[in-house]
Colleague: 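Mind looking over this structure? Questions follow.
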Amino acid sequence: MKIYKFGGASVKDAEGIKNVSSIIQNHKGNQLLIVVSAMGKITNKLEELTTAYLNGQDDVHQIFDEIKLYHFNILNQLFPDHNHPIFNDVANTFVEIDWLIEEEPEDAPDYIYDQIVSIGEIISTKILAAYLGTLQNNVKWVDARNFVHTDNTYREGLVNWEKTEAEIQENLAPLLKDNIAVTQGFIGNTSENFTTTLGREGSDYSAAIFSACLNAESMTIWKDVPGVLNADPKWFDETERIPQLSYHDAIELAYYGATVIHPKTIKPIQNKNIPLYVRSFLHPDAEGTDITDLKNHLPVPSFIFKVNQVLLSIFPKDFSFIIEENLSHIFSLFHNHRVKINTMLNSAISFSISFDYDAKKLESLIADLSKDYKVKYNTDVELVTIRYYNQETIDRVTVNKNILLEVKSRNTCQIVMRDKKETE
Ligand code: ASP
């Protein structure tokens, strides 16, 4: 049993669907489960639709029409026969959103978000399964919501592993014996039968859930890059592909923000010792990166850049120490506001963190923190994490920068910084 995961970029248009189908068809061996994201940037567009609906904006229907048009254009290119049942199937799926946006938004926004945004994955998988079905027999569309069970934390569903594993082994494994199944990443289901999502970019995680529960032989993530690189080509001219990577380094890189793999992906597959292959869907036969229980560490220093960060420092109003009691209170506030910490450092009377900028989150967090603490912050700062750093690598990334905070462990250095000219 192998698991293939295809992200939005691989299925962004009709050509993409054809390319993915040919990769699937080239798969030799029998059992295969395909996990797919929404097409292209459709999740962003569905988020836009959700916001427009929640805010009662006039352009709700216009945004929705654009989403429909995008998918029907792809369908028209893939299926010359417009009587193919997929046209009705997709149209009927969109009707679910039509019904929802007819009503005034009365339910909780996160719940509404999940009901709308999850449609992207439902439709992409229906289209891929239908197209693949024109090329070969035994293709089954599988609704991931029958298998991935979560609690009701909308937008960040917490997986109920026991129930999920039992369901997958009992009802999905037998089906995979004679079929290639196409299912959704990113989505799950509550015990009351409502759709949840697992957090943005969560399809890798879904693939890892299926891999672990099926005791897969391997999992492959098909990307638009040649594998895991030691830096993002967006920020670095010279990057190197890392052919072999340990689970440990992979989880560290993903945790610090290397976008090539979702951070939650590694644990389930490491726990079952399942190899994870990162391959290019543009060059399917080329080598990529193999992530395994390798004992060697990364052959080269790796750099992870995160821009648009906030650096926030907290000081007790009465000059008292930052001790465990304060820290547990501060952490509970971060948790309540869903702030995910990228770096942290404490001194006697201050505690600093950096996290991804989000205007609303920042405002509400500061309002809460200010009740008990003095708060200072900078926006528009950058965070660079260097795994296996040395002075030369630090010098390289801090040219023309003012360092605002630096945290080092034995293998990892994190620097929060901003351009010199801005501050001088
Ligand atoms: N479609 C979702 C997103 O864009 C999940 C994923 O692609 O991994 O966040």
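Quantities reported herein were computed from a predicted structural model and do not represent experimental measurements. Because only heavy atoms are used, hydrogens play no part in the values below, and waters and symmetry mates are left out as well, while side chains stay in.
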Colleague: Hey, which of D204, T265, T220 is the one that makes side-chain hydrogen bond (donor to acceptor under 3.5 Å, both in side chains) with K5?
Modeller: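 Per the side-chain hydrogen bond (donor to acceptor under 3.5 Å, both in side chains) rule, the option paired with K5 is D204, out of D204, T265, T220.
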Colleague: Do other residues, nucleotides or ligands put more than 12 heavy atoms under 6.0 Å from K41 NZ?
Modeller: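 Check fails, neighbour count at 12 or below.
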Colleague: Looking at D114 and R155, is any side-chain nitrogen of the basic one under 4.0 Å from a carboxylate oxygen of the acidic one?
Modeller: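 Between D114 and R155 there is no salt bridge, as every charged N stays at least 4.0 Å from the carboxylate O atoms.
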Colleague: Students often mix this up, so state it plainly: with edges at 30° and 60°, are the rings of Y205 and H262 parallel, tilted or perpendicular?
Modeller: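 Geometry flag for H262 against Y205: parallel rings.
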Colleague: Relative to the ring of H84, is the ring of F79 parallel (under 30°), tilted (30 to 60°) or perpendicular (over 60°)?
Modeller: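 Plane angle between 30° and 60°, so tilted.
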Colleague: Let's go through F64 and Y53 carefully: what are the C-alpha distance in whole Å and the side-chain angles of both, what is the deciding distance for ring-ring contact (aromatic ring centres under 6.0 Å, His included) to 0.1 Å, and is it a yes or a no?
Modeller: CA-CA 10 Å; F64 190 27; Y53 166 61; over 10 Å; no
Colleague: Using the rule given for side-chain hydrogen bond (donor to acceptor under 3.5 Å, both in side chains), can you reason through H337 versus S364, listing the C-alpha separation, both sets of side-chain angles and the distance that settles it, and then say yes or no?
Modeller: CA-CA 8 Å; H337 292 273; S364 63; 3.1 Å; yes
Colleague: May I ask you to decide if P284's main-chain N or O and S280's side chain share a donor-acceptor pair within less than 3.5 Å?
Modeller: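 No: the side chain of S280 does not pair with the backbone of P284.
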Colleague: Checking the side chain of N160 only, and the main-chain atoms of K163 only, is there a donor and an acceptor separated by less than 3.5 Å?
Modeller: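 Between the backbone of K163 and the side chain of N160 there is a qualifying donor-acceptor contact (under 3.5 Å).
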Colleague: Between D249 and L298, is there a donor-acceptor pair closer than 3.5 Å when you use the side chain of the first and the backbone of the second?
Modeller: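 Confirmed, D249 side chain pairs with L298 backbone.
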Colleague: For the pair W222 and Y4, name the ring-plane relationship: parallel under 30°, tilted 30 to 60°, perpendicular over 60°.
Modeller: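 Rings of W222 and Y4: perpendicular, as their planes differ by over 60°.
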Colleague: Salt-bridged, K360 to D358, with N to O below 4.0 Å?
Modeller: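 No, this pair does not count.
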Colleague: Compute both the distance and the angle, then confirm whether K68 meets the cation-pi test with F72: under 6.0 Å from the six-membered ring centre, within 45 degrees of the axis.
Modeller: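 No, a cation-pi geometry is absent between K68 and F72.
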Colleague: Under the 3.5 angstrom rule, does the side chain of N19 hit a backbone N or O of F281 as a donor-acceptor pair?
Modeller: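 At least one qualifying donor-acceptor pair exists.
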Colleague: Within the side chain of T183, is there an N or O that forms a donor-acceptor pair under 3.5 Å with the backbone of V142?
Modeller: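 Yes; at least one donor-acceptor contact below 3.5 Å.
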Colleague: Mark yes or no for whether D89, through its side chain, and P85, through its backbone, hold a donor-acceptor pair below 3.5 Å.
Modeller: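 Side chain of D89 to backbone of P85: no pair is present.
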Colleague: Look at atom OH of Y377 and say whether more than 12 heavy atoms of other residues, nucleotides or ligands are closer to it than 6.0 Å.
Modeller: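 It does not: Y377 OH has 12 such atoms or fewer within range.
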Colleague: Got a second to check how far K401's NZ is from D419's CG, nearest 0.5 Å?
Modeller: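 Answer for the NZ-CG pair, K401 versus D419, is 4.0 Å.
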Colleague: Going by atom types alone, do D290 and T292 pair a side-chain donor with an acceptor below 3.5 Å?
Modeller: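 The answer is no; no qualifying pair exists.
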